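A quick write-up on the structure given underneath.
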Amino acid sequence: MNNSRIKIFTGHYGSGKTEVAINFAIYSKKYYNRVAIIDLDIVNPYFRTKDAAEILEQHGIQLVAPQFANTNVDIPALPAEIFSVLQDKDCQVIFDVGGDDDGATALGRYHRYFSAESYQMFFVINTRRPLTDNVNDTIELLRAVEKNSRLKVTDLINNTNLSYHSTVKDIMDGQEIVENISREIMVPITYITGKKEVVSQISDHLKEKAFGIDLFLQLPWHD
């Protein structure tokens with residue numbers, strides 16, 4: 001695991017970044033006493049980190065969420081608690097950032113913390129989603145996120161999936177696209193994520209990048 005204390009997960013709407021961020025927080029708790037996950041997704045009304053509040057609490061992970069998360073308020077108040085965890089050098093901080101460039105703008109107010117110490121910013125890619133199903137459109141979105149957040153993406157994550165119906169073929173098809181993106185922008189693919197039983201089937205030469213996840217979030221109309 002990278003030693004950077006601050007880790008940021010961003011990506012296009014439907015990329016699965018919230019699910020990945022939650023799993024990463026739970027994984028981090030195995031190695032660190034204090035872990036906080038910040039729900040900075042002010043764009044997506046579904047799949048909020050706050051939906052997994054009970055699970056996070058069970059693992060001893062601090063959840064910091066906007067005052068109006070999971071409501072229909074357009075512009076939630078971002079809590080001062082965010083500054084508190086950023087200032088605590090013993091706390092591992094994980095940001096779940098709203099998809100696309102508009103959501104990334106919320107990161108701007110914390111820029112001085114990111115410039116004061118190293119961070120990782122993961123761009124989560126699901127090539128089964130519109131606008132991230134090809135190299136050029138995905139790079140355009142990634143650059144917009146960088147511009148609005150005033151931060152650089154340091155790592156890519158291939159999270160190609162069709163939710164509960166994902167197959168290893170989905171992951172491997174996505175890997176080809178993400179590898180082309182990686183070569184184009186010279187940013188490494190750090191993780192290949194997916195349901196544990198699916199990601200375990202990827203090609204042997206990619207297994208060191210495999211990060212199996214559990215699905216904690218579910219839309220209300222899912223059977």
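Heads up: numbering here begins at 1 and tracks the sequence. Owing to the predicted nature of the structure, the values given are computational and were not obtained by experimental measurement.
- Residues Ile157 and Phe9 have side chains in contact (heavy-atom distance under 4.5 Å, counting atoms from C-beta outward).
- Of the possible donor and acceptor atoms, one in the side chain of His12 sits under 3.5 Å from a partner among the backbone N and O of Pro130.
- Of the candidates Asp133, Thr138, Asn158, Ile125 forms a side chain to side chain contact (heavy atoms under 4.5 Å, CB included) with just one, namely Thr138.
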Exercise for the section: Could you go through the side-chain contact (heavy atoms from CB on, under 4.5 Å) check for Asp214 and Asn23 one step at a time? Expected result: CA-CA 7 Å; Asp214 295 310; Asn23 276 269; 4.0 Å; yes
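- Distance check, rounded to the nearest 0.5 Å: OH of Tyr191 to CG of Leu206 gives 15.0 Å.
- Between Arg143 and Glu146 a salt bridge is recorded (basic side-chain N to carboxylate O distance below 4.0 Å).
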Practice task
Might you work through the side-chain contact (heavy atoms from CB on, under 4.5 Å) test for Asp39 and Val64, ending with a clear yes or no?
Solution key: CA-CA 6 Å; Asp39 183 351; Val64 182; over 6 Å; no
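- Side-chain atoms of Gln92 never come within 3.5 Å of backbone atoms of Ala36 as a donor-acceptor pair (strictly under, hydrogens ignored).
- For Ser182 (side chain) and Val178 (main-chain N/O), no donor-acceptor pair under 3.5 Å exists by modelled atom type.
- In this structure, the side chain of Ser149 engages the main chain of Leu151 through a donor-acceptor pair within 3.5 Å.
- The line from CG of Leu142 to NZ of Lys147 is 14.0 Å long, rounded to the nearest 0.5 Å.
- Contact of the Ile82 side chain with the Arg109 side chain is not registered, since no non-hydrogen atoms from C-beta on lie closer than 4.5 Å.
- Looking only at atom types and distance, the side chain of Thr132 has no donor-acceptor partner in the side chain of Thr127 under 3.5 Å away.
- In this structure, the side chain of Lys17 does not engage the main chain of Asp96 through any donor-acceptor pair within 3.5 Å.
- Annotation for Lys89: atom NZ counts as buried by contact number, over 12 foreign heavy atoms lying within 6.0 Å.
- Formation of a donor-acceptor pair under 3.5 Å by the Lys209 side chain with backbone atoms of Ile189 is found in this model.
- Under the 4.5 Å side-chain criterion, counting only non-hydrogen atoms from C-beta, Val35 is in contact with Ile94.
- Side-chain N or O atoms of Lys7 include none that pairs as donor or acceptor with a backbone N or O of Met121 at under 3.5 Å.
- For the pair Asn161 (side chain) and Asn159 (backbone), a donor-acceptor distance under 3.5 Å is present.
- In this structure a side-chain-to-backbone donor-acceptor pair under 3.5 Å is present from His59 to Ile55.
- A side-chain donor from one of Glu81 and Gln62 sits under 3.5 Å from a side-chain acceptor of the other.
- Ring geometry for Phe24 against Tyr27 counts as tilted: the plane angle lies between 30° and 60°, on a 0 to 90° scale.
- Residues Leu40 and Tyr110 are in side-chain contact: their nearest non-hydrogen atoms beyond the backbone lie under 4.5 Å apart.
- Contact between Leu86 and Glu117 at its shortest, heavy atoms only, is O-OE2, 4.5 Å.
- Residues Leu162 and Leu215 do not share a hydrophobic cluster, defined by chaining ILVMFWY side chains whose heavy atoms lie under 4.5 Å apart.
- In this structure Lys29 satisfies the salt bridge (charged side-chain N to carboxylate O under 4.0 Å, His left out) test with no other residue, sequence neighbours excluded.
- Hydrophobic clustering, with ILVMFWY side chains joined whenever heavy atoms are under 4.5 angstrom apart, groups Leu156 together with Leu131.
- Of all the heavy atoms in Ala25 and Ile37, the pair that sits closest is CB-CD1, 4.3 Å.
- Formation of a donor-acceptor pair under 3.5 Å by the Gln201 side chain with backbone atoms of Glu197 is found in this model.
- A donor and an acceptor atom, one from each side chain of Thr160 and Asp170, are nowhere located under 3.5 Å apart.
- Arg183 and Asn180 share a donor-acceptor pair across their side chains, judged by distance under 3.5 Å alone.
- To the nearest 0.5 Å, the span separating CZ on Arg129 from OG on Ser15 amounts to 9.0 Å.
- A heavy-atom distance below 4.5 Å is found between the side chains of Phe123 and Val145.
- For the pair Ser203/Met172, a side-chain contact is recorded, criterion being any heavy-atom separation below 4.5 Å from C-beta on.
- For the atom pair SG (Cys91) and CG (Asn33), the distance works out to 10.5 Å, reported to the nearest 0.5 Å.
- For the pair Ile22 and Leu56, the minimum side-chain heavy-atom distance is below 4.5 Å.
- Note that CD1 of Ile171 and NZ of Lys195 are 9.5 Å apart. Values are rounded to the nearest 0.5 Å.
- At most 12 heavy atoms of other shown residues, nucleotides or ligands fall within 6.0 angstrom of atom CD in Glu140.
- Of the charged side-chain nitrogens involved, none lies within less than 4.0 Å of a carboxylate oxygen, so that Asp90 and Arg5 do not count as a salt-bridged pair.
- Residue-environment remark: NZ (Lys207) exceeds the threshold of 12 foreign heavy atoms within 6.0 Å.
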Exercise for the section: Please lay out, stage by stage, how Phe95 and Phe114 fare under the test side-chain contact (heavy atoms from CB on, under 4.5 Å). Expected result: CA-CA 12 Å; Phe95 279 89; Phe114 304 134; 3.9 Å; yes
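- To the nearest 0.5 Å, atoms NZ (Lys30) and OG (Ser28) are separated by 10.0 Å.
- Counting heavy atoms from C-beta on, the side chains of Phe211 and Ile192 never come closer than 4.5 Å.
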